[in-house]
Student: 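I'd like to ask some things about the structure below.
Chain A is the first sequence line, chain B the second, and so forth, proteins listed ahead of strands; every chain is numbered from 1. The structure displayed is predicted, hence computed values, not measured ones.
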Amino acid sequence: MRYLPLTPADRTAMLSTIGALDIDALFVDVPESAWLTRPIAGLPLHSPEMLVERELSALAAQNLHAGSVPFFVGAGAYKHHVPATVDHIIQRGEFLTAYTPYQPEIAQGTLQVLFEFQSQVARLTGMEVANASMYDGSTAMTEAVFMARRVTRRQKALVSGGVHPHYANVLKTLTQFTDDELVNFEPELTPGRPGDDLAALAAGVDATTSCVIVQNPNIFGHVADLAPLADACHAAGALLIVVVTEIVSLGAIRSPGEMGADIVVGEGQSIGNGLNFGGPYLGLFACRDKHVRQMPGRLCGETVDADGKRGFVLTLSTREQHIRREKATSNICTNSGLCALAFSVHLTLLGEKGLRHLAALNHARAVQLAERLGRIPGVELVTTRFFNEFTLKLPVEARPVVRKLADARVLGGVSLGRLYPGVTNLQNGLIVAVTESASDADFDAFEDALDEVLA
Amino acid sequence: MRYLPLTPADRTAMLSTIGALDIDALFVDVPESAWLTRPIAGLPLHSPEMLVERELSALAAQNLHAGSVPFFVGAGAYKHHVPATVDHIIQRGEFLTAYTPYQPEIAQGTLQVLFEFQSQVARLTGMEVANASMYDGSTAMTEAVFMARRVTRRQKALVSGGVHPHYANVLKTLTQFTDDELVNFEPELTPGRPGDDLAALAAGVDATTSCVIVQNPNIFGHVADLAPLADACHAAGALLIVVVTEIVSLGAIRSPGEMGADIVVGEGQSIGNGLNFGGPYLGLFACRDKHVRQMPGRLCGETVDADGKRGFVLTLSTREQHIRREKATSNICTNSGLCALAFSVHLTLLGEKGLRHLAALNHARAVQLAERLGRIPGVELVTTRFFNEFTLKLPVEARPVVRKLADARVLGGVSLGRLYPGVTNLQNGLIVAVTESASDADFDAFEDALDEVLA
Amino acid sequence: MTMNMIGRVTRLSGEPAMELPGGVTFTGNKALMLEEPLLFERGGVDRTGVDLPPVPDVSDRLAGLGRSAAIGLPGLSEPETVRHYTRLSRQNYAIDLGIFPLGSCTMKHNPRLNEKMARLPGFADIHPLQPQSTVQGALQLIDTLAHWLKTLTGMPEVAMSPKAGAHGELCGMLAIRAALEARGDARKIVLVPESAHGTNPATAAFCGYAVENIPANARGRVDVDSLLARLGPDVAAVMITNPNTCGLFEPDLVQICDAVHAAGAFVYCDGANFNAIVGRVRPGDLGVDAMHINLHKTFSTPHGGGGPGSGPVVFSAALAPFAPLPFVRKSRDGLELVEEWQAHQSSDHDHSFGRMVAFHGQMGMFVRALAYMMSHGADGLRQVAEDAVLNANYILAGLQDIYTAPFADTGPCMHEALFSDDFLDGTGLTTLDLAKAMIDEGFHPMTMYFPLVVHGAMLIEPTETESKASLDQLIGAMRSIATRMLADPDAFRSSPHLAPRRRLDETAAARKPVLGYRDALDAAA
Amino acid sequence: MTMNMIGRVTRLSGEPAMELPGGVTFTGNKALMLEEPLLFERGGVDRTGVDLPPVPDVSDRLAGLGRSAAIGLPGLSEPETVRHYTRLSRQNYAIDLGIFPLGSCTMKHNPRLNEKMARLPGFADIHPLQPQSTVQGALQLIDTLAHWLKTLTGMPEVAMSPKAGAHGELCGMLAIRAALEARGDARKIVLVPESAHGTNPATAAFCGYAVENIPANARGRVDVDSLLARLGPDVAAVMITNPNTCGLFEPDLVQICDAVHAAGAFVYCDGANFNAIVGRVRPGDLGVDAMHINLHKTFSTPHGGGGPGSGPVVFSAALAPFAPLPFVRKSRDGLELVEEWQAHQSSDHDHSFGRMVAFHGQMGMFVRALAYMMSHGADGLRQVAEDAVLNANYILAGLQDIYTAPFADTGPCMHEALFSDDFLDGTGLTTLDLAKAMIDEGFHPMTMYFPLVVHGAMLIEPTETESKASLDQLIGAMRSIATRMLADPDAFRSSPHLAPRRRLDETAAARKPVLGYRDALDAAA
Ligand SMILES: Cc1ncc(COP(=O)(O)O)c(C=O)c1O
Ligand SMILES: Cc1ncc(COP(=O)(O)O)c(C=O)c1O
């Protein structure tokens, strides 16, 4: 087998060095009842690279990939152009096949990257400190709620109806057996401000509130000013947690930090990472200096070596499971290292100049398409202030429309019916995302197909 | 522009450091008549990566690639499966973006690879020494003829009709203005031994003969014993030059060295390198120790450093143009370094065990297909001793047949009509190559399509 | 952003002073060992490495919420970016450079075929929410991988969405919790052996359990008597690692599982060490109820710098109904991904504890893991376990006469060899010093100070992808280091000497944390 | 195959001796600077890193010519292979690590987009001999690239098949020869300036010309008078490099071309330095008849370790009819690749001198070069020349007060700055010592001892893809080295000290060449 360096001769020599009769002698502790004498049945035997490649390529060919069609799907994952340089860098063996930098003297490459990543995320979100990544946006959000509980020593979390329903569900799952209390607000397709329940949330905050969780831009693409809500939270001693699922938006709209957020969590996939059918993605987590010791996840910090040279190490590990065990701030160990590297490389290529340009481009293109689609008879543009994503209200249920569009080889967005199967008042909603990767021809194809389907 | 680090501010600062008024001041020596004041017309302006990728991908999509169809095209270039590891290694920045190893202290990586490559090629061809690569097999063959002239101080070269006609044409081109004399033997589709003119060549060797050039397996796939011809050459003081266009064959058939060759040249593309529409490819060049100082191309040799540690350097450069100028053994400078690396990595993965297996597999598969196609009414199997390639005689002209097969999305080989447009007695010939990459389904598709077309 | 760290910017008039900032050299570089400044010191907010289409001129819809203040994100041209990260990468050790014997981490070869497959547009460029009719190949891949995992473990159900081992633990412990609640049982105690990985107690606490430790016995295994003694109506589950973190197989696991079940509790098995037994033992045959599989360990998906991982969890019949959403099932028109509460009535998941993650799990890792499994096949995977165990025992045999091997007398180890630093007593040197000495020799050190049950633990896991030559060199070097340490301890108190950095001051780093680049911009803010 | 070089194979009984083979360490490694043995010392003929389908059982058709004797090709498993080459790669310097200022070599950034494009199956996986109807996209790409090259140079024709610069020179000189023969003119003399690159005289000789040198003048340019004086009925061509190898523009080139043409000869221009003028000057406007373009220099196609290259040749109207086969032309059904003598009657190539290479040229390089050109566009390419020239002059300005700059007084340079080591007179140090000192500083040295027209030449070509910061660091280091060399020469006689190897004995290597691995197997043979 091509990945196994030992030859039969090696194995024999090694067994005799060890003083074992045969390989079975090394498995003595395995009980009779569980002892397998031959390869497990029901699975194929080893296969040449050429054939594995052929089989998997055939599977891949059964999927309709974003780059091959007019594509407008978002709702938490976005198709942006990732420069070829990014993939080249993350495939450097020294990055790809390293481990968590537990031996800093021979891991400065990874450590400096993490330090730079933390710095980039902090600035992008407008916060003071960011960690070295979480699994994804949804798990980061849950960790934020738990962190708020530790900081405020309160149990009640108010969840905006504008939060991605999958994120809200993850929080529900993780709190169902704990004594955290969730107050979930219902999403409304209010024209002009869908899912905007900030006033209600502000009104709902009280002395028992640990935190309020809002998403901006929210699931319907709506962009809001969070400052008033932040004030309300702080007045009541609660924390404002802001979720950002399209991180590119922060190149165009005011950062959560600037609007008063205490914790910012986000999905970093948009920068440097592909769609990958949902994973691996990149959980971003940023907060204020004063709360850093309650943060989950790894942190990289600056220090000096024995010669006084600047260097970097993992630090504040007393928060973490491998030191603190059941008292740790989180159980996370493996995070999203390589995705963080990809994010950092892409953001370095962009720089502030490129990021602002990219964001402006996304926004302008979205505005263009929104206005075109809004003119289709029976179609209502529900979201009027947005970044690169907006919600349309169709004259009919959106879910079948999306399927019909796909039959016409147009991937035309996400129906609210798929995200909120039960919720009748949302069934006609369609979330449309527009990035720099959609061409004018794609716009035409989408408009024509939608016209067609609705006709 | 993304590849240009200088900002306008940098440029201004640098110009003032230099003491130049503006950039034009640095081009003072350019004559009025040739001075261009603006970007050259008739060409597009700079373009984002995303758009360049879109345009080129569209062009690529217009080609029918080997992996997407039943594929049996050879005649000097072969589709073999190249392990993903090979491409990963050649994309290591330290290999990809290095230069010719002129500073050995910081080029030991490249130098050791070249030393290993030379060793692998020498063993594969059965020769004593190989160089660090030439452009491709055809130019290597011409260099071999010139080298033979230097060694023997004779001018006449006998060229077998079994030599790839493109190779023969290159030699013709390069000798048309020199006083080398070429005797080209005509190719014959002799049943059982097409293109086999070894006896005639042996008879033709005389005291004025510098070298005899034969290909094995020859253009028609025919495999022959070269030993008798080698003896005839040596008896007359001439050199035997053996060309190998399918280098994988040396995992199955006796090496030119074992059969008495004095110089072996070959096309190394088959190992580690893709089809690439004809280039870049890999010229292999090997000979006997006693002739090494007449060799063209770079040579890497072993030595020690100031601490006595083993190291490698480019050596015997007094043969080369940068030292010897008009008296150099060749004008070659840039060679096929990265292709040599790919070859070496793939051959390392194969090892003797894997190479022999691969060659045996190619041969067995070719035998299987030859027997199947030979049974098609009107089709004659002309080549009866071959490695992975054989020639069929069709009842009709082959060139249109190949086109019709292509319309049926089967790439069914190379017609002799394409290689020898003028030569009437060859027009019905079809060269079919079979590698490990052709599946049974591909065999079926080819057989059916050929049946169809000939019906 | 300034230019320090990469050699003084030359004053074109006047000479650079003779004493050299970088020490031996003006640049601080040492030939191919190159220093690299921070991105924030190199880049500029006016620099970029991308070209983008022009922005169409439309009136914005940001309602005055546009970002006006400076962000402070430095950019670099493409050539500078490539160089920045390439130079940094060279300051890392990695599997591609040599053996990476981190015990418990299963750092094995990452095949490049898997990287290539994961990048096929049909896998890498599909959206988790595009219509299911357009991703049937992806669902097929997930279903096939699930089949492999269930078959290899002998368990009837698998949850694919967990994003890493610890997340898988969470998944398993939530399922147990759901199963208990379903029968109205409020037990909250989880028993965890003291040798367990930190994620086990952390996970239990994370979902509201109370944790109690179970001691290890003299043979490095769970002390069965104390475990059985502690079982009772308040115990919800036992989290046990097998092979355990001492690299030893738990011989009494079957008996333990029976007892735990008899006591109405469940057995969660930490499967991080599955590499030692894959193809030779099916955990299902041992009686466990849930086990996560670190695809990034056993099945070789790369996780450079700390991630990403993937931690699917296999379940026994008892826990299967409680598995999380989403899951893939066959439907009339192909495969269906069941995502929502409402959608799955009448499925065998009607007790699902819900969703753990925004989408469907680590597709990128699934592709790699399946490519790895298909390449090995059932026969190759069995060989993996055998070679992994053989290599570990070879190291044990090669070192145990010098290095203290606390449990060597209890028989062979599994996939990793455990040593303590007792043999260094009196030298004043410890496991840490030994690890740093290995760095100078060109090796990544073993796992240090874990598990906690032995003093100055050194846990060496070579994995099956190391050659005999590689092991011989490691053994030779470690013997040489040990011998020299005993002969001349002082020579080793400040290793490493040859790495890009000497020992780093971790105390200072923690006392006054500097967790990001701060400059004028931040000061202003 | 033995295990030397990577540390003694451990004798499990008995200790390794205390003195260490590798010097400081047992392994010879220095942390991340790793030693690596030869493949032949690591691998084995019984080892392999591939799995292949079984060989069907058929009776062979090799007619007794099967290869029976051992070949002696060592194999390695895949993990060992990755490691062998990764470790070796780390002993190389490269553009990706830092500035690579080799004069005349134009070592610029190699965009990864180009690598990605060249690997599209539609380009990388098509056969040169498959039916032309199935490769129209490829022919279109070649035709488009040809259009760019003709437009950028202002020349009416281009030959795409030459495989590198020297091969392009051959192409040009053969066309000139064919043109002369066509008019029954037997002239055989080719004039070559003494500053010319070695390939120029070598090429001329290669196709049967006699070479005569033309001296350079005090300003580093061709001495026009001696050139004009030498023109006559026996002179076939002049090979001239512009900008020349001193990094200077030949101001009299137009005048020279006119005179050469008037004398019935042709002007071959070595275009290796086209990077200095691309987009600012069209060689066609200067009057040259043929010029090769090194796509691997000006247009950035990577050629690690020495190749591959690509050297298309543009032709004037006078030479166009003699251009080689094959060539692409429009035909009724799309584009046609004209390959054979017979096929091209009635084309404008009816005097073609024939085929230079087996297939159609370096497609892989064509894709990369076109991607590079499209990315820059006409405007970006002009900027390339301007920045390349600006960077070179910045270095000239930064060093000329210390380093001897022989032609600095004649005005600005083009894309490269030329220095001599005269300033080191009396120190006993030379250009070589300075180059080796640069290695310790983390730089690749400049081109040494070329061109031959200045003493101890140092030719520095930064290219446009270097940042000001990078140039400042280079200048700072080179000033520091020079200053320290003058102050303390002895400290520099044996540099480098920090590289993987110290100075290597090239004399010994040439005296008794060892050009391949020899072992028992070879001894036997
Ligand atoms: C024994 C053990 N359990 C659990 C884990 C946690 O797995 P992950 O890091 O994938 O979350 C690890 C990983 O280090 C481990 O070694
Ligand atoms: C001035 C000059 N001419 C010609 C050549 C030869 O080009 P190539 O190496 O591509 O054959 C070179 C390359 O070094 C050169 O610098």
Student: Is Phe206(D) close to Thr178(B) at the side-chain level, that is, under 4.5 Å between some pair of heavy atoms?
Tutor: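 Heavy-atom side-chain distance check fails, nothing below 4.5 Å.
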
Student: So which of Leu62(D), Thr203(D), Asp60(D) has the biggest tally of heavy-atom pairs under 4.5 Å with chain B?
Tutor: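 Highest number of pairs under 4.5 Å: Leu62(D).
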
Student: Between Gln136(D), His109(D), Glu464(D), Met117(D), which residue shows the highest count of heavy-atom pairs closer than 4.5 Å to chain B?
Tutor: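 Between Gln136(D), His109(D), Glu464(D), Met117(D), the count favours Met117(D).
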
Student: Heavy-atom pairs under 4.5 Å with chain D are the metric here; pick the option from Glu352(B), Glu94(B), Gln62(B) that has the most.
Tutor: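 The option with the most such pairs is Glu352(B).
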
Student: Students often mix this up, so state it plainly: with edges at 30° and 60°, are the rings of His376(D) and Tyr3(B) parallel, tilted or perpendicular?
Tutor: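 Rings of His376(D) and Tyr3(B): tilted, 30 to 60°.
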
Student: Hey, are Tyr85(D) and Thr85(B) close enough side-chain-wise for a donor-acceptor pair under 3.5 Å?
Tutor: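 Looking only at side-chain atoms, Tyr85(D) and Thr85(B) do not form any donor-acceptor pair under 3.5 Å.
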
Student: Heavy atoms only, distances under 4.5 angstrom: which of Glu267(B), Glu436(B), Arg11(B) has the most pairs with chain D? Name it, please.
Tutor: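 Answer, by heavy-atom pair count under 4.5 Å with chain D: Arg11(B).
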
Student: Could you look at Met374(D) and say if it's the side chain, the backbone, both or neither that has a heavy atom under 4.5 Å from chain B?
Tutor: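 Contact with chain B: backbone and side chain both.
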
Student: I'd like to know whether the aromatic ring centres of Phe450(D) and His322(B) sit less than 6.0 Å apart in this structure.
Tutor: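 No, the ring centres sit 6.0 Å or more apart.
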
Student: Ile90(B), Ile332(B), Thr315(B): which one forms the most heavy-atom pairs within less than 4.5 Å of chain D?
Tutor: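 That would be Thr315(B).
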
Student: Just say parallel, tilted or perpendicular for the rings of His303(D) and Tyr99(B), cut-offs at 30° and 60°.
Tutor: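 Judged by the thresholds at 30° and 60°, the geometry between His303(D) and Tyr99(B) is perpendicular.
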
Student: Using 0.5 Å steps for rounding, measure from the CG atom of Leu76(D) to the CG atom of Leu347(B).
Tutor: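 Rounded to the nearest 0.5 Å, the CG-CG separation comes to 11.0 Å.
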
Student: Between Tyr167(B) and chain D, with a heavy-atom cut-off of 4.5 Å, which part of the residue counts as in contact: side chain, backbone, both or neither?
Tutor: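 The side chain, not the backbone.
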
Student: What distance do His65(B) atom NE2 and Leu120(D) atom CG have between them, rounded to the nearest 0.5 Å?
Tutor: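 It comes to 10.0 Å.
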
Student: Rounded to the nearest 0.5 Å, how far does CG of Leu174(B) lie from CG of Leu174(D)?
Tutor: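 Those atoms lie 6.0 Å apart.
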
Student: When heavy-atom pairs shorter than 4.5 Å are enumerated against chain D, which of Glu49(B), Glu258(B), Lys79(B), Gln118(B) gives the highest number?
Tutor: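 Going by pairs under 4.5 Å, I would pick Glu49(B).
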
Student: Run through Val313(B), Ile106(B), Asp305(B) and flag the one making a side-chain contact (heavy atoms from CB on, under 4.5 Å) with Arg501(D).
Tutor: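 In the set Val313(B), Ile106(B), Asp305(B), the residue that makes a side-chain contact (heavy atoms from CB on, under 4.5 Å) with Arg501(D) is Asp305(B).
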
Student: Could you tell me whether the side chain of Glu506(D) reaches within less than 4.5 Å of the side chain of Pro104(B), counting heavy atoms only?
Tutor: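 Touching, per the 4.5 Å side-chain cut-off.
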
Student: For Leu390(D) and Asp10(B), what are the C-alpha separation, side-chain angles and deciding distance, and is it a side-chain contact (heavy atoms from CB on, under 4.5 Å)?
Tutor: CA-CA 10 Å; Leu390(D) 180 60; Asp10(B) 292 332; over 6 Å; no

Student: Keeping the roles fixed (side chain from Arg280(D), backbone from Phe27(B)), state whether a donor-acceptor pair exists under 3.5 Å.
Tutor: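 Pair absent, no side-chain N/O of Arg280(D) close to backbone of Phe27(B).
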
Student: State, yes or no, whether a side-chain contact exists between Leu316(B) and Pro513(D) at a heavy-atom distance under 4.5 Å.
Tutor: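 A side-chain contact under 4.5 Å exists here.
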
Student: Between chain D and each of Leu341(B), Ile40(B), Val113(B), Leu299(B), count heavy-atom pairs under 4.5 Å; write down the option with the most.
Tutor: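 Highest number of heavy-atom pairs under 4.5 Å: Ile40(B).
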
Student: Decide yes or no for Leu39(D) and Gln120(B): does some side-chain heavy atom of the first lie under 4.5 Å from some side-chain heavy atom of the second?
Tutor: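 Yes, side chains in contact.
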
Student: What closest approach, in Å, do Phe100(D) and Ala98(B) show between heavy atoms, and which atom pair accounts for it?
Tutor: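 For Phe100(D) and Ala98(B), the tightest heavy-atom pair comes out as CE1-CA, 4.1 Å.
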
Student: Could Arg92(B) and Asp96(D) be called an ion pair, given the rule that one side-chain N must be under 4.0 Å from one carboxylate O?
Tutor: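 No.
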
Student: Nearest 0.5 Å please: distance from the CG atom of Asn393(D) over to the OG1 atom of Thr17(B).
Tutor: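 Asn393(D) atom CG to Thr17(B) atom OG1 measures 11.5 Å (nearest 0.5 Å).
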
Student: Which one of Arg2(B), Arg324(B), His166(B) has the most heavy-atom pairs closer than 4.5 Å to chain D?
Tutor: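 Option with the top pair count is His166(B).
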
Student: Pick whichever of Gly208(D), Ser310(D), Ala164(D) has the most heavy-atom pairs under 4.5 Å with chain B.
Tutor: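 Max contact count across the listed options: Ala164(D).
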
Student: Is a donor on one side and an acceptor on the other found under 3.5 Å between the side chain of Arg355(D) and the backbone of Thr173(B)?
Tutor: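 Judged by distance alone, no pair lies under 3.5 Å.
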
Student: Quick one: does Leu141(D)'s side chain get under 4.5 Å of Leu56(B)'s, heavy atoms only?
Tutor: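 Touching, per the 4.5 Å side-chain cut-off.
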
Student: With distance as the sole test, does Asn63(B) use its side chain to make a donor-acceptor pair with the main-chain N or O of Gly137(D) at under 3.5 Å?
Tutor: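 Indeed, once roles are kept as given, a pair shorter than 3.5 Å links the two residues.
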
Student: Under 3.5 Å, is there a donor-acceptor pair between the Thr97(B) and Asn110(D) side chains?
Tutor: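 No donor-acceptor contact under 3.5 Å links the two side chains.
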
Student: With rounding to the nearest 0.5 Å, note down the distance linking CG in Asp379(D) to CG in Leu45(B).
Tutor: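 The distance works out to 4.5 Å.
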
Student: Roughly how far apart are Cys333(B) SG and His197(D) NE2, rounded to 0.5 Å?
Tutor: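 Interatomic distance, Cys333(B) SG to His197(D) NE2, rounded to 0.5 Å: 4.5 Å.
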
Student: Does Thr303(B) use its side chain to pair, donor to acceptor, with the backbone of Asp505(D) at less than 3.5 Å?
Tutor: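 Judged by distance alone, yes, a pair lies under 3.5 Å.
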
Student: Testing the basics here: between Glu105(B) and Ala499(D), what is the closest heavy-atom pair and its distance to 0.1 Å?
Tutor: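 Minimum heavy-atom contact is O-CB, 3.7 Å.
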
